[in-house]
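Since this is a predicted model, take the numbers as computed values, not measurements.
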Amino acid sequence: MTCDDKQLPLFEMEGSQSGLDRSGPSSAPAPESPFSKYIVYVDESGDHSLQSIDQQYPLFVLAFCVFHKRHYSERVVSALEKFKFNYFGHDQVILHENEIRKEKGVFNIFRGRDERLQFLNELTDIIEKSNFILVSCVIDKRALCKRGELDSNPYHLALGFCLETLFEFLQEKHQHQKKTHVVVECRGKKEDNELELEFRRICDGNNRLGLPLPFEIMFSDKKAMSSGLQLADLVARPIGLNLLRPEQENRAFEVLKRKFYCDGGRKHVGRGYEGVGMKIYPVPES
């Protein structure tokens, strides 16, 4: 069963306008939407510096969460909102993995280990029940330096891999000729300008596919209440930890394994995602 088969249809333009039924004999069909059925939210884990590498976490992880718009707007957003109301009494909370893990700020609410585990389990359940396709790239900065690629930008490398894979997914869904928006979090004027330049360079055809990519980058303020960006923030670090400490229990990654874009379509979820929906660069020797 495909992702589309399991979801409600997208907001259809044909046959309706401003919620009014235009299906009568005199109505003309509305023009086809120029936008794809999918929206992409992006976040990262780790920093992209090669000059100073944190040996405790020497990785840079970029994660693309690809949502069907109808499912995202009707199911995912409401699930996160209800979760916030239950724990905080309001929805003006931005779920941030680093602050949750360190119990900083508004996340210093747990009276014991059991309460914290319940919070984390409920959040993981939301991720598990939310239908999205995961595309990611892990850059091993130590291996990159050993190869002498000191002038490389890990963020830009990962971005190229992820955008190429995103295009292949959209080809599979016959949405590759429509515009798809890719939402990233603002990091600073200089960094955002550099990222936008690299994004447009890749989309102009400077990629391994040698094709123009119909994507448009959108920058979102860190304070924006974007459910998609919050979920992307929550999934990036577990991907890195799985590579860094594969023997360590990682329930979040076990859930994410079934989200990765993989060989063989959705009938093969949880298998065949390595090198497809989850790329590692440089490619490990073993």
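- With contacts defined as side-chain heavy-atom distances shorter than 4.5 Å, the pair Ile217/Leu195 qualifies.
- Here the CZ atom belonging to Arg208 is positioned 11.0 Å from the CG atom belonging to Leu163, to the nearest 0.5 angstrom.
- Within the 3.5 Å criterion, the main-chain N or O of Lys104 finds no donor-acceptor partner in the side chain of Asn108.
- At least one side-chain heavy atom of Ile100 sits less than 4.5 Å from a side-chain heavy atom of Leu120.
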Tell me which donor-acceptor pairs under 3.5 Å the side chains of residues 133-146 have, and how far apart each pair is, sequence neighbours excluded?
| from | atom 1 | to | atom 2 | distance (Å) |
| --- | --- | --- | --- | --- |
| Asp140 | OD1 | Arg142 | N | 3.1 |
| Asp140 | OD1 | Arg142 | NE | 3.4 |
| Asp140 | OD1 | Ala143 | N | 3.3 |
| Lys141 | NZ | Asp47 | O | 2.9 |
| Lys141 | NZ | Asp47 | OD1 | 3.0 |
| Lys141 | NZ | Ser49 | O | 3.1 |

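- The salt bridge (Lys or Arg N to Asp or Glu O under 4.0 Å) test applied to Glu128 returns Arg251, not counting sequence neighbours.
- Residues that satisfy the side chain to side chain contact (heavy atoms under 4.5 Å, CB included) test with Lys178, not counting sequence neighbours, are Glu32, Ser36, Gln175.
- Formation of a donor-acceptor pair under 3.5 Å by the Glu198 side chain with backbone atoms of Glu194 is not found in this model.
- Phe60 meets the ring-ring contact (aromatic ring centres under 6.0 Å, His included) test with Tyr155; sequence neighbours excluded.
- Rounding to the nearest 0.5 Å places CG of Leu157 at 11.0 Å from SG of Cys162.
- In this structure, the side chain of Lys222 engages the main chain of Cys186 through a donor-acceptor pair within 3.5 Å.
- Sorted by first then second residue, the ring pair (Phe, Tyr, Trp, His ring centres under 6.0 Å) pairs that include residues 101-126, not counting sequence neighbours, are Phe83-Phe119, Tyr87-Phe119, Phe88-Phe107, Phe110-Phe119.
- Proximity of Leu241 to Phe253: side-chain heavy atoms (C-beta onward) are nowhere separated by under 4.5 Å.
- Side-chain contact check for Glu168 versus Val276: every heavy-atom pair is 4.5 Å or farther apart.
- Gln118 pairs in a side chain to side chain donor-acceptor pair (under 3.5 Å) with only one of the listed residues (Glu122, Glu115, Arg116), which is Glu122.
- For Leu197, the side chain to side chain contact (heavy atoms under 4.5 Å, CB included) test picks out no residue, with sequence neighbours left out.
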Practice problem: Determine, stepwise, if the pair Lys257 / Tyr273 fulfils side-chain contact (heavy atoms from CB on, under 4.5 Å). | Solution: CA-CA 8 Å; Lys257 283 168 64 173; Tyr273 60 84; 3.5 Å; yes
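- Residue pairs meeting the side-chain hydrogen bond (donor to acceptor under 3.5 Å, both in side chains) criterion with at least one member in residues 76-85, sequence neighbours excluded: Lys84-Gln230.
- Contact of the Leu256 side chain with the Pro238 side chain is registered, since non-hydrogen atoms from C-beta on lie closer than 4.5 Å.
- Asn207 places a side-chain N or O within donor-acceptor distance of the main-chain N or O of Leu211, the cut-off being under 3.5 Å.
- In terms of hydrophobic clustering, with Ile, Leu, Val, Met, Phe, Trp and Tyr side chains grouped at heavy-atom distances under 4.5 Å, Leu243 and Ile53 are assigned to different clusters.
- Between Thr180 and Val66 there is no side-chain heavy-atom pair separated by less than 4.5 Å.
- Applying the ring pair (Phe, Tyr, Trp, His ring centres under 6.0 Å) test to residues at least two apart or on different chains, the pairs with a partner in residues 175-201 are Phe35-His181, Phe167-His176.
- Looking at Val42 and Cys65, their side chains never come closer than 4.5 Å, going by heavy atoms from C-beta outward.
- Note on residues 232-247: no pairs pass side-chain hydrogen bond (donor to acceptor under 3.5 Å, both in side chains), not counting sequence neighbours.
- Not counting sequence neighbours, Lys102 has no partner by the salt bridge (Lys or Arg N to Asp or Glu O under 4.0 Å) test.
- For Ser45, the side chain to side chain donor-acceptor pair (under 3.5 Å) partners two or more places apart in sequence, or in a different chain, are Tyr57.
- Heavy atoms from other residues, nucleotides or ligands lying under 6.0 Å from CD of Gln248 number more than 12.
- When the side chains of ILVMFWY residues are joined at heavy-atom separations under 4.5 Å, either directly or via intervening members, Val77 and Met225 end up in two distinct hydrophobic clusters.
- Counting only heavy atoms from C-beta outward, the side chains of Phe64 and Val235 never approach each other to under 4.5 Å.
- Under a 3.5 Å cut-off, the side chain of Lys259 and the backbone N or O of Ser130 do form a donor-acceptor pair.
- Here the shortest heavy-atom pairing between Met278 and Ile239 reads SD-CG2, 4.0 Å.
- Under the 6.0 Å cut-off for aromatic ring centres, His90 and Phe85 do not qualify, their centroids lying 6.0 Å or more apart.
- With sequence neighbours excluded, the residues forming a salt bridge (Lys or Arg N to Asp or Glu O under 4.0 Å) with Glu216 are Lys179, listed by chain and number.
- In this structure, Phe169 and Tyr261 have perpendicular ring planes: the angle between them is above 60°, well past the 30° mark.
- Cluster annotation: Leu117 and Leu123 are assigned to distinct hydrophobic clusters (Ile/Leu/Val/Met/Phe/Trp/Tyr, side-chain heavy-atom contacts under 4.5 Å, transitive).
- To the nearest 0.5 Å, atoms CG (Leu80) and CZ (Arg75) are separated by 14.5 Å.
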Practice problem: Any chance you could lay out the side chain to side chain donor-acceptor pair (under 3.5 Å) test for Arg147 and Tyr281, step after step, and finish with the verdict? | Solution: CA-CA 11 Å; Arg147 289 165 56 108; Tyr281 185 83; 3.3 Å; yes
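- Under the 4.5 Å side-chain heavy-atom criterion for Ile, Leu, Val, Met, Phe, Trp and Tyr, Ile109 and Ile94 are members of distinct hydrophobic clusters.
- Between Tyr72 and Phe132, the ring center distance fails the sub-6.0 Å criterion.
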